[in-house]
Amino acid sequence: MTDLNDLYQEVILDHNRCPRNFHAIADATHRAEGYNPLCGDRLTLYMKVDGDVIADVAFEGAGCAISKASASMMTDALKGRSVSEARALFDRFHRMVTMPPDRAVEDLGKLSSLAGVRDFPVRIKCASLAWHTFKAALEHEQRTSTE
Amino acid sequence: MGIAGSERAGPHAGTADASGSPASFDVQRIRADFPILARTVRGKPLVYLDNAATTQKPQAVLDALTGYYTGLNANVHRGVHELSERATEAFDAGRERVQAFFNAAHSREIVFTRNATESINLVAYAFAKPRLKPGDEVLISAMEHHSNIVPWQLVCEATGATLRVAPIDDRGELILEAFDRLLGPRTRIVAITHMSNALGTVNPVAEIVRLAHGRGVPVLLDGSQAAYHMRVDVQALGCDFYAATGHKLYGPTGIGVLYGKTQHFEAMPPFLGGGDMISSVTFERSTWNALPFKFEAGTPHIAGAIGLHAALDYLDSVGRDAVAEHERQLLEYGTEVLSSVPGVRLIGTARHKASILSFVMDGVHPHDIGTIVDREGVAIRTGHHCAQPVMERFGVAATARASLAMYNTREEIDVLGRALHRVREVFGS
């Protein structure tokens, strides 16, 4: 069985305590709201897309450590990427958190620290909320939900 | 009636235990009656503190369910054969047991439903809706469960009536003066909880009924939480309707109860149509069965009524006053233990409360608390507890909630306390 420390790794606790890119973007080109009705996690994602590049991305909201840390790490990971690279990263992240716990995961840098949620099935939605919200923002959907 | 209630363990006599519970109350003997409490979770003994969501079932209830299905299964109210007659007797005896439990005047005043939610919906649709006109008002409180909000919103929307909400204070107590002021000439019904599932507050329901009746307004009480923690006497309370659910009364899921005064039930149209609720049917017109069957369309939850009978017998064999006293002492102890954990703040500190410890912890989301204590075998609820307006009132997105029942012990509270210290360790603060 996975130890709690695998879920709450130091890097996750750090991003929870001091989330990166935790603010609104006044001149965002894309914006979406994410909501997890199970635990009440809410976040608003802001993006500034310049041509094909995600020039800036940030978020606001309240949620559990997993959802907040995941949102924080995601913004770090997406900034400066092309839209198509970002979409590919969404797919890779999604594959990682939904893969059976006994399978080895691809190295996604800091994002790999969230692979521990696979042992806590109800928490997978916490880790993926920000990413689904990012995708909704790209598609110009106003709201997304993990339900 | 034979199977449902007659043969079960006698009263749980014993000497006073270390916790100082009443002399007649032996928590270890009670625990032995609940098979699930012997299991482990994540390699640790189960510490079940999610009783406000549902309680565990004693062996007597499991035996009653099995007994019905193995020895008595038949449909009720329509067979002339032996099994159907016996099943009907057992089902009817279940209703009489519920009547006695809530001290209703007649068994026709007890309607079986699926749960308290359906009981409330029955009153909203069959009692309130036909009476509501545009501008009329339905009065609820700010501490209601969604099940005592949404049905009223729906009938208000359909009729043009307005939903009014009596406020609560920072302790989580109903502000009675404000409630009294909101009772207006257009108030057609008051629907309020006997005990809050999110805060533990026990409302002064006798006083609420007195105030409402003073203005000629009928009152529905949501007894989902109160019914398994304290004695409920619907005649003494004088309420018009009382909703409860079997699965929190140590009984099966899928069986609920609605108490209603005969005069109201007589005057109301049916809620659902179908078999069993009619007296005669032609394509031109149907006539309704007598009370309470008018409100029980289709084959009822026969096993549920029989299981609930066994559950109420069990609860009374332990003694409701003894249960209330045991839980009062546990709540006091739990309040102490939680208050000693750094950064923990209780949400819901009403002077009159029961069995609910709702709390938040500085810098840690309740969902993370839930996951970490689960690893210690402790089951608590985290989230908004189907009471989002309560969360908003206290400015939190969610709380963690430990809720107590008759079989919980001080040692289990200690396990929760240690698990919360573990949460602090993990979050390094």
Side-chain angles (χ1 to χ4, degrees), chain A residues 1-19 22 33-44 59-72 97 101 113-130 133 145-147, chain B residues 40-44 50 53 145-146 150 198 343 347 358-401 415 418-429:
Chain A
M1 182 182 301
T2 308
D3 190 68
L4 271 179
N5 296 330
D6 293 335
L7 180 64
Y8 294 105
Q9 292 182 29
E10 194 44 53
V11 58
I12 291 175
L13 295 171
D14 175 55
H15 277 262
N16 173 51
R17 266 193 301 270
C18 317
F22 191 59
E33 278 171 26
Y35 177 48
N36 180 349
L38 178 71
C39 46
D41 291 352
R42 272 178 200 284
L43 72 90
T44 307
F59 77 107
E60 288 180 311
C64 65
I66 305 300
S67 75
K68 211 161 159 189
S70 178
S72 171
V97 294
S113 64
L114 288 159
V117 296
R118 294 175 302 160
D119 272 308
F120 300 78
V122 295
R123 307 304 301 274
I124 292 171
K125 286 176 175 178
C126 307
S128 55
L129 178 65
T133 311
S145 163
T146 55
E147 280 300 281
Chain B
T40 56
V41 164
R42 310 218 184 261
K44 310 270 172 67
D50 194 16
H145 187 280
H146 294 166
V150 181
I347 303 287
S358 212
F359 61 96
V360 292
M361 195 186 253
D362 281 349
V364 188
H365 190 280
H367 212 165
D368 296 311
I369 299 174
T371 292
I372 295 169
V373 304
D374 173 58
R375 291 279 135 162
E376 306 296 321
V378 181
I380 61 170
R381 176 85 179 266
T382 62
H384 52 57
H385 316 297
C386 296
Q388 284 179 333
V390 174
M391 300 298 112
E392 206 169 303
R393 169 65 179 77
F394 287 90
V396 295
T399 73
R401 181 190 69 187
V415 174
R418 285 196 295 275
L420 292 178
H421 283 285
R422 174 93 178 98
V423 173
R424 286 256 77 109
E425 267 170 47
V426 169
F427 276 78
S429 49

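Lettering of chains follows the sequences in order, A, B, ..., and the numbering in each one begins at 1.
- The shortest heavy-atom contact between A:Y35 and B:Q388 is OH-NE2, 3.1 Å.
- For B:H367, the parts sitting under 4.5 Å from any heavy atom of chain A are the backbone and the side chain alike.
- Scanning both residues, A:A65 and B:D368, for their nearest heavy atoms gives N-OD2, 2.6 Å.
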#### Entry: Chi angles and distances behind the side-chain contact (heavy atoms from CB on, under 4.5 Å) call for B:I372, A:Y8
CA-CA 10 Å; B:I372 295 169; A:Y8 294 105; 3.5 Å; yes

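- In this structure, B:H365 and A:N16 have side chains that are not in contact, with every pair of non-hydrogen atoms separated by 4.5 Å or more.
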